[in-house]
2 protein chains.
Amino acid sequence: MAEQPDYYVKSAEKTLAVLLAFDAAHPLLTVTQVAEAISVSRAAARRFLLTLVDLGYLEADGNAFRQTPRVLDIGASYLSGLTLPQVARPHLQALAAELSETTALCVLDDQDILYVERVSAPRMHSMNVSIGNRLPAWATSMGRVLVAELPAAAREEFLSNARLTHYTAKTVASIDELRAELDTVRAQGWSLVAQELDEGLRGLAVPVYRGAQLLGALNVSVQPGRIGSTSITDEMVPLMRRVAQDIADDFGGRTAAGN
Amino acid sequence: MAEQPDYYVKSAEKTLAVLLAFDAAHPLLTVTQVAEAISVSRAAARRFLLTLVDLGYLEADGNAFRQTPRVLDIGASYLSGLTLPQVARPHLQALAAELSETTALCVLDDQDILYVERVSAPRMHSMNVSIGNRLPAWATSMGRVLVAELPAAAREEFLSNARLTHYTAKTVASIDELRAELDTVRAQGWSLVAQELDEGLRGLAVPVYRGAQLLGALNVSVQPGRIGSTSITDEMVPLMRRVAQDIADDFGGRTAAGN
DNA sequence: GATCGTTGTGCGCATAGCGTACAGTTGTAC
DNA sequence: GTACAACTGTACGCTATGCGCACAACGATC
C-alpha cells in the first residue's frame with residue numbers, strides 16, 4: 001500500500017469499509033465478523049456499526065446487522081444526475097425492445113466492468129446482474145471492448161494484473177491469447193464473447209465514444225442461433241453503433257447544457 | 001436533533017453527508033460548496049473530499065468534484081443479497097411482459113417511497129425513476145398502500161409529518177382528504193393514483209405481505225383508457241395480488257434457506 | 001492597483017476515536 | 001453441576017487524529 005497523505009481521513013475509509021463488508025455472501029454480520037473483515041478492533045467496529053444504525057443505513061437483527069434499503073441513496077444521486085446511465089436509459093430501452101434482447105451499459109473500473117444501466121428483455125431471465133454489479137473485464141464482451149480501446153500502456157498494465165480463471169471450457173486460456181483477442185477487438189471495433197464466463201451467456205459489445213473520449217461500452221445479449229451468422233456483423237453491430245452514437249450525442253448535449 | 005450517544009462516530013456521518021451532497025441538481029461541487037452544504041469547515045470538507053478521491057468514489061474535475069460510478073458499489077451488495085429486489089426481479093419482469101406496463105417494487109423509508117427494483121416496459125418512457133430514487137409516499141400509489149397498511153399510530157404520525165404539495169390539479173388537497181383515501185385503500189387492498197404527482201403518471205399498487213410482515217408494495221403503470229373501467233378491479237388487481245404472493249413466497253423460502 | 005471571493009496549505013490544539021480491560025451471556029463438554 | 005470457550009456490551013484513560021484558525025496565492029470585477 002502507498003503512503004497515506006496527511007490529509008487522509010481514516011474514518012472515512014472505515015465507514016465505507018464497514019458498509020462494503022456486507023455483500024451477497026454475507027448479508028448478515030456481527031460486530032466481531034465486521035471487525036475481522038476490515039481489520040479493526042471490535043470496539044471500533046461496534047462504534048461504526050451503531051452509528052450507521054443511527055443514520056439508518058443498517059439495522060440490527062438480534063446481535064447481527066444488515067443493510068437497509070437506504071444504502072441505495074448513496075448511489076442514487078449518481079444514477080439520477082446528468083450522467084451516462086440517465087442519458088443512456090431511453091436508448092437502451094428502445095434497443096432492447098427492437099432486438100428483444102437484454103441491453104446494458106458498463107464502464108471500466110480497475111479490473112472490472114461495472115454495470116451502470118441495464119434493460120432486460122421481458123422474456124429473458126439470463127444472468128441476474130443489477131446496476132452496480134461487477135464482472136471481470138477480461139471475460140466479458142464489454143470489458144474487452146473497454147480494455148482494447150485503452151492506450152497501449154494501460155492495456156498492458158491491465159493484462160499484467162489480470163487473473164484469468166477457467167470458468168468454462170470456452171474461456172480464453174492465456175494472457176497471450178487474450179492479448180491477441182484484444183487486438184482483434186480493437187481492429188474490428190466490437191467484441192463477441194460466447195460462454196466464456198458462464199455457459200448460458202453470450203454478449204456482443206461496442207464502444208461508446210464521444211469524440212476521443214471513451215464513455216463506456218454498450219452490450220446486447222445474443223441468441224445462440226445467431227453466433228457465426230452474418231446477422232451479427234451485418235445487422236447488429238451497425239445498429240448498436242448507431243445507438244452508441246446517439247447516446248454519446250445526447251450525453252454531450254445534456255452535460256454541456258447542464259450545471 | 002437528539003443527543004448523540006457516546007459511541008457515535010461523527011466522521012461516519014460526515015463521510016456519508018459528503019457523498020450525499022452530490023445529487024441530480026448538484027453533480028459537480030467545489031470544496032466550499034460541500035462545506036456549506038453539510039455545515040463543516042472548509043478544511044474538513046477538503047480532507048473528506050480528497051480522501052474519497054483517494055478511495056475512488058469521487059474524482060476531481062478542475063477544482064470541483066463529482067461522483068464516480070464506484071459509488072454504486074455501496075448499494076450493490078444490498079441489491080445482490082438475498083434481499084427483496086433480487087427475489088422480486090423475475091416476477092416483475094414477467095408481469096411487465098404480460099401487461100406491457102412498467103412495474104416496480106418500493107419500500108417505505110420515512111416519508112418517502114424508495115424504489116428497490118423496477119422493470120420498464122420497452123415502449124414506455126414514462127417517468128425516469130431509477131433504483132434508489134425517492135418519491136413522496138403520500139402522492140404515489142405505492143406509498144398510499146404502504147402507509148395504509150401501517151399500524152394506526154404510525155399512520156397518524158406519518159400524516160402529521162406529511163407536507164402536501166399541490167403538484168397538479170388532481171393532487172389531494174388536505175390531510176383529511178388523504179386520511180379518507182388511506183382508509184379506502186386499506187379497505188380495498190389496493191391504490192390507484194392518477195395524475196396527482198405528475199400529469200402523465202398513473203399507478204396501481206398492491207401490498208406485498210409475507211404472513212403479517214409488510215415487505216413492500218408492487219406497482220404497475222396504468223394506461224389512461226383503463227381508468228374507471230372494470231378491468232382494473234377484475235383483472236389487474238387479482239393478477240398483481242398473485243404476483244405479490246409469489247414474491248412473498250419466494251422471499252421467505254430463499255431467506256430461510258440462506259445464510 | 002484595490003477589493004472581493006475564491007483557492008490550497010501549515011500548524012498547534014482539543015477531542016474524537018482508540019483499544020485495552022473487565023463483566024455478563026450463551027452453548028458445549030465432561 | 002463446574003469449567004471452559006467464544007461470544008457479547010460497556011467503561012475509561014491516552015494518544016493520535018482530525019479540527020479550524022490563519023496565512024498566502026490566485027483570478028475576477030471595478
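A, B, ... follow the sequence lines: proteins, then strands. Residue 1 opens every chain. Excluded from the calculations below are hydrogen atoms, water molecules and symmetry mates; all remaining heavy atoms, backbone and side chain alike, are included.
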Engineer: Which residue, A:Val9 or A:Thr30, contacts DNA chain D at a nucleotide closer to its 5' end, judged by nearest heavy atom?
Structural biologist: A:Thr30
Engineer: Rounding to a whole Å, what distance do you find between B:Leu29:CG and C:dT6:P?
Structural biologist: 14 Å
Engineer: Grab the CZ-P distance between B:Arg46 and C:dT6 for me, whole Å please.
Structural biologist: 17 Å
Engineer: I want to verify a distance call: between C:dG8, C:dA16, D:dC19, whose nearest atom is closest to the B:Phe48 side chain?
Structural biologist: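 Closest of the options to the side chain of B:Phe48: D:dC19.
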Engineer: Does the distance from a Lys or Arg side-chain N to an Asp or Glu carboxylate O, for A:Arg210 and A:Asp250, drop under 4.0 Å?
Structural biologist: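 Not counted as a salt bridge, because no side-chain N and carboxylate O are separated by less than 4.0 Å.
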Engineer: In whole angstroms, how far is the C1' atom of C:dG19 from the NZ atom of A:Lys10?
Structural biologist: 14 Å
Engineer: Give the minimum heavy-atom separation between A:Gly75 and B:Leu72, together with the two atoms involved.
Structural biologist: O-CD2, 3.9 Å
Engineer: Search all heavy atoms of A:Glu149 against all heavy atoms of A:Pro207 and return the closest pair with its distance.
Structural biologist: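 What the structure gives for the nearest pair is OE2-CG, 4.0 Å.
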Engineer: Please check this pair: side chain of A:Ser160 against backbone of A:Glu157, looking for a donor-acceptor N/O pair closer than 3.5 Å.
Structural biologist: yes
Engineer: If we only count heavy atoms from C-beta on, is the B:Leu182 to B:Arg144 side-chain gap below 4.5 Å?
Structural biologist: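 B:Leu182 reaches B:Arg144 side chain to side chain.
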Engineer: Which heavy-atom pair separates B:Val87 from B:Phe251 by the least distance, and what is that distance?
Structural biologist: CG1-N, 3.6 Å
Engineer: Determine, stepwise, if the pair B:Glu156 / B:Arg179 fulfils salt bridge (charged side-chain N to carboxylate O under 4.0 Å, His left out).
Structural biologist: CA-CA 9 Å; B:Glu156 279 306 318; B:Arg179 186 185 288 109; 2.8 Å; yes
Engineer: Specify the separation, in whole Å, of atom CG of A:Leu49 and atom C1' of D:dT10.
Structural biologist: 16 Å
Engineer: Take the protein atom CD of B:Glu13 and the nucleotide atom C1' of D:dG18, then report the distance between them rounded to whole Å.
Structural biologist: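 The distance from CD of B:Glu13 to C1' of D:dG18 comes to 16 Å, rounded to the nearest Å.
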Engineer: Consider the side chain of B:Ser11, meaning its heavy atoms from C-beta on, and name the nucleotide among C:dG8, C:dG17, D:dG9 that approaches it most closely.
Structural biologist: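 Looking only at side-chain atoms, B:Ser11 lies closest to C:dG17.
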Engineer: How close or far is atom P of C:dG10 from atom CG of B:Leu50, stated in whole angstroms?
Structural biologist: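 It is 12 Å, rounded to the nearest whole Å.
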Engineer: What N/O pairs connect the protein and nucleotides 20-23 of chain D at under 3.5 Å? Give each pair on its own line.
Structural biologist:
| from | atom 1 | to | atom 2 | distance (Å) |
| --- | --- | --- | --- | --- |
| D:dG20 | OP2 | B:Ser41 | OG | 2.9 |
| D:dG20 | O6 | B:Arg47 | NH1 | 3.4 |

Engineer: Find the distance A:Tyr8:OH to C:dG17:P and express it as a whole number of Å.
Structural biologist: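 Those two atoms, OH and P, are 16 Å apart.
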Engineer: What is the distance from CD of A:Gln33 to C1' of D:dC7, rounded to the nearest Å?
Structural biologist: 11 Å
